[in-house]
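The chains referred to below are lettered A, B, ... by the order of the sequence lines, with proteins before strands, and numbering in each begins at 1.
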Amino acid sequence: MAITAIKGFNDILPTESGRWQHIEQTARRVFELNGFSEIRVPVMEKTELFSRSIGDATDIVEKEMYTFIDKGENSITLRPEGTAGVMRAFIEHKLYAQDPVAKLYYLGPMFRYERPQKGRYRQFHQIGAEITGVHDPLADAQVLNMLVQFFRATGLDEPQLQINSLGCPECRPGYRAALVGFLESRLDQLCEDCKRRFSTNPLRVLDCKVPGCVEATIGAPSVLDHLCGGCQDHFTGVQGYLDSTATPYSINPRMVRGLDYYTRTTFEMVTGLLGSQSAVAAGGRYDGLISQLGGPAIPGIGFAMGLERVALLLGAQEFSIRPDLFIATLGAGERSFAFRLMHDLLRAGIRVEMDYDGKSLKSQMRRADKLKARYSLVIGENEVNSGTGAMKRMEDGTQTELPLRAEDIMRVLS
RNA sequence: GUGGCUAUGGUGAAGCGGUCAACACUUACGACUGUGACUCGUACAUUCGUCGGUUCAAAUCCGACUAGCCACCCCA
């Protein structure tokens, strides 16, 4: 039996890589337009970074991390998400000293040990962006608008933006207490999972899809009614900015996040097209994270989107590269002439293909067709002797006689 | 970690106990001795995820294992 890839780790084959490049290029273009610069950080970090930022009691840290001990006895973890590493770098290199307002984006593989399913893999890829140093809801709104811009630019208008506010360390405890009080009386109506959540993370009960739980939580207190003045103003501000740019969104007071560091604004881009993996991108504000990791008290906000999920939404769209010209040759003698011509054209930036191993002309023409070459050119003894030949436009079969020099060929191609 | 489903060539698949494992696509070569797409011809699974069992006989029945998919949990 041949060796196969690890469960949940996928190859991105040439037929799909074009789609991935389209996504990545679009993200880079949109993000850079918005003033974000790329930051590249390692795929592994000390385990402690993640347990401290994401939260010890979260599922990610409790059961989904690829953690191991290296030869120096250090506990190392393959990053399960990007923000922690980016903020570690931000603090470690004191980027805030130059300018506390940093706009950073990153992209790359993330790792989570979960059972794979549609749109969820053990190695998956995210593109994320972060803004540090801005308290004003303007930063929230810019990040959200940029996300919406990205999806539009990618040709996807389906995912919907949902926003919520989780409050801050001031007001969240009060809300949590109110919710616990409410749920306590209906504990017997909740599913087994929710009974467990009730003690570990009561906010999650609101997110449960079991009909009994949905019903039991109908009159539950909303986070939005328990926000303190500051959080209330902030959330209103975010909405105001979104309204002013006519960015469509809806408020989902039941939206909960899986990472502990979120405060105030949280959001998701959701789709109904990916089965149970409805979130294509998600993020929020993390005002306490940087100081929690040993940096100064600087706020932050950001998001990450799942590339596999975006790629799935894009479907089987073709992004293949077509050659401009295919050169067919009739004999070994002509091939060196053709090779030289191809070389000149490649140097000029023309995409050229030629036959590699002396196949029949029929085969070569078939190949030109299969590669979807725009033009073909047959080179035989006559062409080599006369220095002229005929370029055939594959689309309609018309031929153009011309001298076989790079500049003449380029003229026909343009 | 839990549950369900499925495993036949490069791909999509027929086959449901008994002659060479259909068919389609892909690929290669040819019909056209210097011009593709359409058409036609030829070739391409000593073998049906793996191991074991039942049987005179198994891709077809049984068991175990493995893998994949989907769902739950959770999440991008």
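- Here A76(B) presents its P atom at 14 Å from CD of Gln162(A), a figure rounded to the nearest Å.
- Of the residues Phe124(A), Phe50(A), Phe111(A), the one that meets the side-chain contact (heavy atoms from CB on, under 4.5 Å) test with Pro80(A) is Phe50(A).
- At a cut-off of 3.5 angstrom, the base of G1(B) holds no donor-acceptor pair with the side chain of Glu64(A).
- Distance check on atom P: A37(B) versus A31(B) gives 13 Å, rounded to whole Å.
- Counting distance only, with no hydrogens placed and no angle test, the side-chain atoms of Lys392(A) and the base atoms of G36(B) include a donor-acceptor pair under 3.5 Å.
- Between Phe36(A) and Phe31(A), the ring planes lie tilted relative to each other; the angle falls in the 30° to 60° range.
- Nearest nucleotide to the Lys118(A) side chain, out of C75(B), A37(B), A71(B): A71(B).
- The Met394(A) side chain lies nearest to G36(B) when the options are U35(B), G36(B), G34(B).
- Look at Ser360(A) and you'll find a side-chain N or O under 4.0 angstrom from OP1 or OP2 of G30(B).
- For the salt bridge (Lys or Arg N to Asp or Glu O under 4.0 Å) condition, no pair includes a residue of residues 152-175 of chain A, sequence neighbours left out.
- Atom CZ in Arg367(A) sits roughly 10 Å away from atom P in C29(B) (whole-Å rounding).
- Distances shown here put a side-chain N or O of Ser363(A) below 4.0 Å from the OP1 or OP2 atom of G30(B).
- A distance of about 49 Å separates the C1' atoms of C74(B) and U46(B), rounded to the whole Å.
- Atom C1' of U66(B) sits at a distance of 45 Å from the matching atom of C40(B), rounded to the whole Å.
- If you take atom P in G63(B) and the same atom in G68(B), they sit 23 Å apart, rounded to whole Å.
- Per the geometry, CZ belonging to Arg112(A) stands 14 Å off P belonging to C74(B), to the nearest Å.
- A sub-4.0 Å separation between OP1 or OP2 of U27(B) and a side-chain N or O of Arg366(A) is absent.
- If you take CG of Asp260(A) and P of C75(B), they are 10 Å apart, rounded to a whole angstrom.
- When each of U35(B), A76(B), C29(B) is scored by its nearest atom to the side-chain atoms of Lys359(A), the top-ranked nucleotide is C29(B).
- Residue Arg115(A) is the one, among Val280(A) and Arg115(A), whose nearest nucleotide of RNA chain B lies closer to the 5' end (criterion: closest heavy atom).
- Checking G36(B), G68(B), A76(B) against every side-chain atom of Lys7(A), the shortest atom distance belongs to G68(B).
- Under 3.5 Å, the side chain of Arg309(A) and the base of C75(B) form at least one donor-acceptor pair of N or O atoms.
- Using a 4.0 Å heavy-atom cutoff across all strands shown, Glu62(A) reaches no nucleic acid atom at all.
- Here Tyr113(A) lies out of heavy-atom contact (under 4.0 Å) with every strand.
- Within 4.0 Å (heavy atoms only), Gly119(A) reaches at least one base atom of the nucleic acid.
- Residue Ala368(A) is out of contact with every strand shown, counting any heavy-atom pair closer than 4.0 Å.
- Contact between the side-chain N/O atoms of Lys362(A) and the OP1/OP2 oxygens of G30(B) is not found at any separation under 4.0 Å.
- Among the duplex regions that RNA chain B forms, those built from at least three successive Watson-Crick or G-U pairs under 3.5 Å are B:1-7 with B:66-72, B:10-12 with B:23-25, B:27-31 with B:39-43, B:49-53 with B:61-65, ordered by first number.
- Nucleotides A59(B) and U50(B) are separated by 11 Å at their P atoms, to the nearest Å.
- The OH atom of Tyr121(A) sits 12 Å away from the C1' atom of G68(B) (whole-angstrom rounding).
- At least one side-chain nitrogen or oxygen of Gln117(A) sits closer than 4.0 Å to the OP1 or OP2 atom of A71(B).
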Working for side chain to side chain contact (heavy atoms under 4.5 Å, CB included), residues Leu314(A) and Thr154(A) = CA-CA 8 Å; Leu314(A) 270 182; Thr154(A) 315; 4.1 Å; yes
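- The distance from atom CD of Glu308(A) to atom C1' of C69(B) is 16 Å, rounded to the nearest whole Å.
- C74(B) atom P lies 12 Å from atom CD1 of Ile60(A), rounded to whole Å.
- Among the nucleotides U39(B), C72(B), C75(B), the one closest to the side chain of Leu259(A) is C75(B).
- At the heavy-atom level, Gly397(A) lies under 4.0 Å from base atoms of the strands shown.
- The gap from the P atom of G18(B) to that of A28(B) amounts to 37 Å, rounded to the nearest Å.
- When distances run from any side-chain atom of Arg120(A) to the nucleotides C73(B), C75(B), G30(B), the shortest one goes to C73(B).
- Exactly one of Ile301(A), Val238(A), Thr245(A), Thr247(A) qualifies for a side-chain contact (heavy atoms from CB on, under 4.5 Å) with Leu144(A). That residue is Val238(A).
- Cation-pi contact between Arg122(A) and Tyr113(A): present, with separation from the ring centre below 6.0 Å and deviation from the ring axis of at most 45°.
- Remark on RNA chain B: of its neighbouring residues Ser376(A) and His125(A), the 5'-side contact belongs to Ser376(A), judged by nearest-heavy-atom nucleotide.
- Phe326(A) has its side chain out of reach of Arg374(A): every pair of non-hydrogen atoms, C-beta onward, lies at least 4.5 Å apart.
- When each of Thr266(A), Asn252(A), Asp140(A), Leu242(A) is tested with Ile163(A) by the rule side-chain contact (heavy atoms from CB on, under 4.5 Å), just one qualifies, namely Leu242(A).
- The same atom, P, is picked in A13(B) and in C70(B); the two are 15 Å apart, to the nearest Å.
- With both ends at atom P, the span from C16(B) to A21(B) equals 14 Å, rounded to whole Å.
- Summarising the geometry, the separation between CD on Glu81(A) and C1' on C74(B) is reported as 15 Å, rounded to the nearest angstrom.
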Evaluation steps, side-chain hydrogen bond (donor to acceptor under 3.5 Å, both in side chains), between Tyr105(A) and Arg28(A) = CA-CA 8 Å; Tyr105(A) 77 87; Arg28(A) 286 179 189 279; 3.2 Å; yes
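- Within the 4.5 Å cutoff, the side chain of Leu371(A) has no heavy atoms near those of the Arg322(A) side chain.
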